[in-house]
Peer 1: 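Structure below; questions to follow.
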Amino acid sequence: MIDKIKGHIAEVERFNAATKDEIEAFRIKYLGKKGILNDFFAEFKNVPNEQKKEFGQVVNELKTAAQDKVNFLKGELEKRQEEKGVYGDLSRPAEPVEIGSRHPISVVRNQITEIFSNIGFNVSEGPEMEDDWHNFTALNLPEYHPARDMQDTFFIQTNPDILLRTHTSSVQVRYMEENKPPIRTISPGRVFRNEAISARSHCIFHQVEGLYIDKDVSFADLKQTILYFTKQLFGKSKIRLRPSYFPFTEPSAEVDVYWGLETETDYRITKGTGWLEIMGCGMVDPNVLRNCNIDPKEYSGFAFGMGIERIAMLLYQIEDIRMFYENDLRFLEQFKSAL
Ligand code: DAH
């Protein structure tokens, strides 16, 4: 009889169950009114006196083991259910993780900064809300200068001195005010112009400004730097510099890159000429250097500025500039592989 009870104890200890029903069936089997334990208790009176003590001990041991087991299994079950409440079903298959992508403007900005940082340019920034001095006056655009009309300006409320910068050339001025030559810096950033929004132009867009100031910097240095850049970014090694006008550079030029006429698409892009305008540039006007406390007799330099949207539209064949600002996922998801 005692061996039989010990067999039950071993069985109880081995027992495992995952569901509420299984645990309950186990409880009834051992601890229920008509359960195994009650059978043994009823048997007690028939046990010979000399065995009663041991019998009693073993039966109690079985009872404790059964109760402990039931409590333990119930506790485990509860714990699992609590976790389920917090985390859901932890054993279900995982959902695929959505990979984000950089905005095409960031992709192109990064490419441009990378190309120039490889030849020693650092990256600088300035405020989007500017004062007249940094956006205009220091750049050789005094009040009433007609060239101010080239860039329709958003002013901040009624203060004509505070405006949203119309170009990143303002960062040139800030950088020269705060740093001594040699200077090699590029300044990417957002700019604002009070222009009608269309497929080709927007009132908010992005530019990258470049500035190089040192002793004996020449126009040849400017040309070679730009040629290096167009080779790196577009893989195109033919450029031309057309004379142009900017108040902050003298002489000034507009840079065209030879895109070619091989395909129909190219024909559409260059309107049949093969040439494509990509930026403005020139030798920094001595007045600008002087405004920034740099002696034009000792130092010279060049500057350039380009629109990021325009370049991104070229590189990715994007037809409408407004696509950049709509954040349509079907558009943005196409840049997943770009860094
Ligand atoms: N700031 C000019 C613009 O917004 C671009 C530009 C032209 C920048 C010539 C320059 C430059 O630094 O030299 O259209």
Side-chain angles (χ1 to χ4, degrees), residues 109 112-113 116 121 123-128 130 132-141 145-154 163-177 181 183-195 200-214 217-227 229-230 239-257 276-289 291-292 294 296 299-311 321:
R109 181 205 54 209
I112 296 171
T113 50
F116 282 104
F121 282 72
V123 176
S124 51
E125 282 180 358
E128 292 178 351
E130 256 306 357
D132 181 282
W133 170 258
H134 292 96
N135 195 76
F136 289 128
T137 306
L139 286 165
N140 208 26
L141 277 134
H145 191 290
R148 284 196 180 201
D149 294 343
M150 279 162 64
Q151 304 176 356
D152 291 314
T153 309
F154 284 119
L163 45 89
L164 295 178
R165 67 179 175 195
T166 57
H167 52 183
T168 43
S169 302
S170 55
V171 188
Q172 268 190 42
V173 178
R174 287 188 175 272
Y175 199 86
M176 283 190 276
E177 283 173 344
I183 289 170
R184 283 202 272 330
T185 191
I186 59 161
S187 326
R190 191 157 59 154
V191 301
F192 308 83
R193 286 187 198 177
N194 192 359
E195 266 172 33
R200 291 266 126 202
S201 74
H202 209 281
C203 57
I204 300 176
F205 56 103
H206 299 77
Q207 288 186 332
V208 178
E209 185 80 10
L211 179 70
Y212 188 143
I213 310 281
D214 204 346
V217 178
S218 71
F219 202 85
D221 297 323
L222 168 60
K223 267 166 74 177
Q224 287 307 313
T225 306
I226 300 214
L227 182 59
F229 168 72
T230 55
I239 57 168
R240 71 179 179 195
L241 277 73
R242 270 181 297 109
S244 183
Y245 171 76
F246 298 102
F248 25 90
T249 42
E250 182 59 38
S252 305
E254 248 146 333
V255 179
D256 295 341
V257 54
L276 205 76
E277 187 195 314
I278 54 154
M279 67 170 97
C281 66
M283 302 306 289
V284 178
D285 194 292
N287 287 337
V288 176
L289 294 176
N291 286 337
C292 302
I294 292 175
Y299 293 104
S300 57
F302 61 75
F304 53 86
M306 64 190 109
I308 303 183
E309 276 79 355
R310 189 178 160 72
I311 290 176
I321 196 170

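Counting starts at 1 for both ligands and their atoms, in listed order.
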Peer 1: Could you tell me whether H167 and F246 have their ring centroids closer than 6.0 angstrom?
Peer 2: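 So the answer is no for these two rings.
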Peer 1: For the side chain to side chain donor-acceptor pair (under 3.5 Å) test, which of R310, E309, R190 pairs with H206?
Peer 2: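 Per the side chain to side chain donor-acceptor pair (under 3.5 Å) rule, the option paired with H206 is E309, out of R310, E309, R190.
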Peer 1: Within ligand 1, which atoms have a heavy atom of G305 less than 4.0 Å away?
Peer 2: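 Going through ligand 1 atom by atom, the ones under 4.0 Å from G305 are 6 (C), 8 (C), 10 (C), 12 (O).
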Peer 1: Which of the atoms of ligand 1 are close to Q172, meaning less than 4.0 Å from one of its heavy atoms?
Peer 2: 12 (O)
Peer 1: Would you say S169 and ligand 1 have an N/O pair spaced under 3.5 Å apart?
Peer 2: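 For ligand 1, there is an N or O atom that lies under 3.5 Å from one belonging to S169.
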Peer 1: Under 6.0 Å between ring centres: does that hold for F304 and F116?
Peer 2: yes
Peer 1: Rounded to the nearest 0.5 Å, what separates atom CD1 in I239 from atom CZ in F229?
Peer 2: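 It comes to 10.5 Å.
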Peer 1: Give the atom numbers and elements of ligand 1 that come within less than 4.0 Å of a heavy atom of Q207.
Peer 2: 3 (C), 4 (O)
Peer 1: Please could you name the atoms of ligand 1 that G282 approaches to less than 4.0 Å, counting only its heavy atoms?
Peer 2: 13 (O)
Peer 1: Is a side-chain donor or acceptor of N140 paired with a backbone partner of P247 at a separation under 3.5 angstrom?
Peer 2: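 It does hold such a pair.
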Peer 1: Taking only heavy atoms of T249 into account, list the atoms of ligand 1 that are under 4.0 Å away from them.
Peer 2: 13 (O)
Peer 1: Enter the distance from T249:OG1 to M283:CE here, rounded to the nearest 0.5 Å.
Peer 2: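 Rounded to the nearest 0.5 Å, the OG1-CE separation comes out at 10.0 Å.
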Peer 1: Any atoms of ligand 1 less than 4.0 Å from a non-hydrogen atom of F248? List them with their elements.
Peer 2: 1 (N), 2 (C), 6 (C), 7 (C), 8 (C), 9 (C), 10 (C), 11 (C)
Peer 1: Do S124 and S187 pair up side chain to side chain, a donor and an acceptor below 3.5 Å, judged on atom types alone?
Peer 2: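 Result is yes, a qualifying pair exists.
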Peer 1: Return yes or no for this condition: an N or O of A303 is under 3.5 Å from an N or O of ligand 1.
Peer 2: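 Yes.
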Peer 1: Answer with yes or no whether R193 contacts ligand 1, where contact means a heavy atom under 4.0 Å from a ligand atom.
Peer 2: yes
